[in-house]
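Since this is a predicted model, take the numbers as computed values, not measurements.
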Amino acid sequence: MLEDAEELLAENDALLLEPREEYDSCIIGVGYRFSEGPLAVYSIPKVLRVLENSGMEPEEAEEFFNFNTLGAWMGDGTPIFISPCKMEG
């Protein structure tokens with residue numbers, strides 16, 4: 001996890017994926033929603049890679065992530081998940 005982000009997220013009760021030993025490396029930043037934040041921002045491809053490394057097939061990892069992680073609302077500290085992309089220009 002980004003060192004400067006760890007303290008900021010801890011001070012503000014941001015929710016983090018468990019086990020942290022596996023998912024902290026998937027945090028790519030700190031984000032905000034209207035009146036909420038700071039929140040952990042996770043890279044979807046990195047989270048999927050963790051699931052695949054645990055023994056899931058790619059399709060299984062994506063289904064598990066979509067249903068159990070992306071589809072879960074855990075309150076105001078719920079993390080943000082993004083798919084990084086390159087912007088032209």
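Using a 4.5 Å heavy-atom threshold, the side chains of Glu11 and Glu6 count as separate.
Residues Leu9 and Phe81 are members of one and the same hydrophobic cluster, defined by side-chain heavy-atom contacts under 4.5 angstrom among Ile, Leu, Val, Met, Phe, Trp and Tyr. Phe65 and Leu15 fall into different hydrophobic clusters, defined by Ile, Leu, Val, Met, Phe, Trp and Tyr side-chain heavy atoms under 4.5 Å apart, directly or through other members. Follow the hydrophobic side-chain contacts under 4.5 Å out from Tyr32 and you reach Ile27 in the same cluster.
With rounding to the nearest 0.5 angstrom, the CD atom of Glu18 is 10.0 Å from the OH atom of Tyr23.
Under the side-chain contact (heavy atoms from CB on, under 4.5 Å) criterion, Glu57 pairs with Glu59, Glu60, sequence neighbours left out.
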Name every donor-acceptor pair, under 3.5 Å, that has one atom in a side chain of residues 36-55 and the other anywhere in the protein, sequence neighbours excluded.
| unit_1 | atom_1 | unit_2 | atom_2 | d |
| --- | --- | --- | --- | --- |
| Glu36 | OE1 | Arg33 | NE | 3.0 |
| Glu36 | OE1 | Arg33 | NH2 | 3.3 |
| Tyr42 | OH | Leu17 | N | 2.8 |
| Ser43 | OG | Lys46 | N | 3.4 |
| Asn53 | ND2 | Arg49 | O | 3.3 |
| Ser54 | OG | Leu51 | O | 2.5 |

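Within the structure, the side-chain hydrogen bond (donor to acceptor under 3.5 Å, both in side chains) test picks out no pair touching residues 62-79 (sequence neighbours left out).
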